[in-house]
Structure formats: C-alpha cells, structure tokens
Protein chains: 2
Amino acid sequence: MSATSTKSRTYSISQLAEEFAITTRTIRFYEEKGLLQPKRNGQTRIYSAADRVKLILILRGKRLGLSLEESKDIIEMYHPDQDNSHQLQTLIDKIREKREQLKTQLDDLRTMMRELDEAEARCADALTVMKNVTTSS
Amino acid sequence: MSATSTKSRTYSISQLAEEFAITTRTIRFYEEKGLLQPKRNGQTRIYSAADRVKLILILRGKRLGLSLEESKDIIEMYHPDQDNSHQLQTLIDKIREKREQLKTQLDDLRTMMRELDEAEARCADALTVMKNVTTSS
DNA sequence: GCTGCCGTTGACGTTAACGTAAACTTGGCG
DNA sequence: CGCCAAGTTTACGTTAACGTCAACGGCAGC
C-alpha cells in the first residue's frame with residue numbers, strides 16, 4: 001500500500017482559477033470575506049477538495065443571484081461547525097426560509113420561460129408574414 | 001355608456017411605489033435608465049397600465065438576478081418597436097440565449113433545493129439524537 | 001546573476017442600483 | 001393668505017464584488 005494514494009488531492013490557486021474560469025483575485029477575495037480558509041505552505045495557499053466544493057457552491061449561488069453572505073450561510077449549512085451545532089434549529093429555519101425564496105424564484109422562472117416562448121412565437125409569426133409578403137409580391 | 005369606463009387606468013408614482021413596496025426614487029431611476037417612459041401632466045408623471053406591467057417585469061427580473069439592462073431587453077421582447085421589427089431575428093436569438101441561461105438557473109435551483117432537503121434532514125437527525133441522549137439519561 | 005513566472009499583500013478604482021439630502025414648484029384647504 | 005403634502009431635479013453618498021496596478025518574494029532555467 002503506497003503512501004501516494006488518490007486521497008486528499010490539493011489545488012493551487014491558479015488551478016482553481018482556470019478550472020472555474022475566474023481570476024485568482026476573485027478567489028482571494030472570497031477568502032477575505034471568510035468563505036474559504038485554505039491551508040498554507042509558507043505564503044502559498046493550498047486548496048483541498050473541500051475548498052473546491054465550497055467554490056462550486058459559491059459559484060452556483062452566484063448564478064442564482066445569491067450574495068456572498070448568503071452563500072456563506074449555505075456553505076455553513078453543509079459544514080455545520082461540529083461543536084457549534086447547538087444552533088441546529090436556527091439552521092433548519094434558515095434552510096426553510098431559503099427554500100421559500102427558491103420556490104418563488106422557481107415560479108418566476110417558469111413564468112418567464114412561458115412568456116419567452118410566447119414572445120418567440122410571436123416573433124416567428126411576424127417573420128413568416130414578412131417572408132410571405134416578399135415572396136408573393 | 002358613460003365616459004368614465006374602466007379602460008386605461010392610470011397611476012401616480014406613489015401609488016406604484018406603495019403597490020410594489022419600492023421607493024419613488026427607484027421608479028424614477030428606472031426611467032432614468034430608459035426602462036419606463038411615463039406620460040406627463042406638466043411636471044407630474046402619469047403611469048399607464050402598460051407602464052405598470054413593465055414594472056412587474058423589472059421586479060421579476062430582479063428576483064431572478066437580471067440586471068436592469070437585461071430587464072430592458074426583456075421588456076423590448078414584449079413590446080417590439082413596431083417599425084423596428086427588422087431586428088426580429090436578433091430578438092429571437094436573444095430570447096433563445098436568455099432561455100438557455102434560465103435553464104441552467106433552473107438546474108441550479110433544483111440541485112440546491114435537493115441539497116437543502118438533505119441538509120435539513122441531517123440537521124433534524126442530529127436534533128433527534130440530542131433529544132434521545134437527554135431523555136435517556 | 002539575471003530573467004521569467006507564479007504567488008503574495010495592500011491600496012485604490014469601478015460599476016450597478018439605488019439612498020439621502022437640498023432646494024424648488026404646485027395643488028388643495030382651513 | 002399661509003402652509004403642508006406630494007411631486008420634481010440635481011448632486012453627492014453607499015455597498016457589493018470584484019479589477020487593476022504596484023511592489024515584493026521565491027525558484028527554475030539559462
């Protein structure tokens with residue numbers, strides 16, 4: 001059994017930056033805001049697989065329009081401070097609240113999708129009409 | 001048939017502000033950015049039902065994380081400049097693009113919902129364990 | 001030893017989406 | 001008439017989420 005197993009991969013800041021198409025500045029910024037706490041090798045930051053997952057959560061949050069603060073909360077939902085779990089009920093409440101928000105968002109999304117469909121149909125119709133006019137003249 | 005029919009209702013700026021729980025400043029700001037073009041009675045702005053619909057679109061866009069610029073585009077999808085319809089194809093492309101974005105967003109939403117469910121379940125479990133410990137001692 | 005290249009911190013700049021404040025007009029009413 | 005409430009414009013302030021230098025350290029290769 002060799003010591004160089006597959007477990008506990010690590011990443012450099014530029015590796016992560018490239019993988020997720022963001023800048024190193026951005027990653028450091030997230031750390032500054034307390035969303036990431038990578039290990040260090042002297043000066044240099046070393047990111048674990050868990051850090052990478054957190055980044056994924058942050059970026060997904062961004063796509064959903066969450067603020068960094070909100071993403072921070074979400075991350076803590078996944079990694080509740082082991083000793084800090086006396087706030088479990090608070091956490092559950094937060095989750096429920098967030099889920100409510102996501103639900104309205106989902107409704108908004110569906111509505112907008114439907115309306116976009118209709119808008120496209122109208123545009124397509126208009127285009128057809130124009131073609132007919134030009135070919136029949 | 002009286003002249004005071006139900007058609008073409010109008011709204012004052014503060015009426016709309018109250019209805020949608022935003023400030024008048026915000027509404028004027030949207031106008032400044034070209035999202036609204038209310039009629040005027042001298043100085044005073046007068047909003048039509050169409051203006052109100054546009055506001056609804058803007059606010060829904062906001063909930064979905066759209067920028068005002070994007071909401072502006074969306075609004076134009078609903079009210080394509082009649083004479084300006086030579087850009088219909090461009091418009092359709094925009095709609096398709098926007099729908100793609102909404103699709104990823106929908107996936108993100110579903111994923112996050114699912115994961116929140118799991119997180120809540122884990123928290124609930126943890127709570128149960130704690131109760132058992134305290135009652136069995 | 002010099003040159004890149006990657007990494008670091010720190011400071012300042014930028015954009016979007018409003019908030020806030022000042023200074024003014026205008027219609028209604030007691 | 002005096003005054004208030006609601007409206008207006010203009011201008012500056014604010015927050016979040018980075019971008020953009022600047023100045024520096026370490027090390028790999030020539």
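In what follows, chains are A, B, ... by sequence order, proteins preceding strands, each numbered from 1.
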Phosphate contact (C:dG7 OP1 or OP2) by A:Ser12 side-chain N/O below 4.0 Å:
yes
Any side-chain heavy-atom pair of B:Thr26 and B:Phe20 under 4.5 Å:
no
Could you tell me how far apart A:Leu36 (CG) and D:dC18 (C1') are, to the nearest whole angstrom?
15 Å
Atom CD1 of B:Ile22 and atom P of C:dC18 are separated, to the nearest Å, by 8 Å
Could you check how far CD of A:Gln15 sits from P of C:dC6, rounded to whole Å?
12 Å
Between atom CD in A:Glu32 and atom C1' in C:dG10, what is the gap in whole Å?
9 Å
Measure from CZ on B:Arg28 to C1' on D:dG7 and round the result to the nearest Å.
7 Å
Is A:Thr26 near enough to D:dG19 that one of its side-chain N or O atoms lies under 4.0 angstrom from OP1 or OP2?
yes
Sequence neighbours excluded, every pair satisfying side chain to side chain donor-acceptor pair (under 3.5 Å) that has a member inside residues 107-119 of chain A
A:Asp108-B:Arg63, A:Glu115-B:Arg60, A:Glu115-B:Tyr78, A:Asp117-B:Arg99
Look only at the side chain of B:Glu70 and the backbone of B:Ser67, and say whether a donor-acceptor pair between them is shorter than 3.5 Å.
yes
Could you state the atom-to-atom distance from CD of B:Glu18 to P of D:dG7 in whole Å?
11 Å
Is there any protein nitrogen or oxygen under 3.5 Å from a nitrogen or oxygen in nucleotides 12-17 of chain C, and what are the pairs?
from, atom 1, to, atom 2, distance (Å)
C:dA17, OP1, B:Leu68, N, 3.0

May I ask you to evaluate whether A:Ser14 reaches the phosphate of C:dG7, defined as a side-chain N or O under 4.0 Å from OP1 or OP2?
yes
Report yes if at least one side-chain N or O of B:Thr24 is closer than 4.0 Å to OP1 or OP2 of D:dA6; otherwise report no.
no
Verdict with reasoning, A:Tyr47 to A:Arg52, per side-chain contact (heavy atoms from CB on, under 4.5 Å)
CA-CA 7 Å; A:Tyr47 297 86; A:Arg52 188 169 161 281; over 6 Å; no
Check the surroundings of atom CD in B:Gln101: do more than 12 heavy atoms from other residues, nucleotides or ligands lie under 6.0 Å from it?
yes
Is there a donor-acceptor pair under 3.5 Å between the side chain of A:Ser48 and the backbone N or O of A:Asp51?
yes
Take atom CG of A:Leu16 and atom P of C:dC6, then tell me their distance rounded to the nearest Å.
16 Å
Give the rounded distance in Å between these two atoms: CG of B:Asn41 and P of D:dT8.
11 Å
Scan B:Arg25, B:Arg40, B:Lys54 and name whichever one has a salt bridge (Lys or Arg N to Asp or Glu O under 4.0 Å) with B:Glu31.
B:Arg40
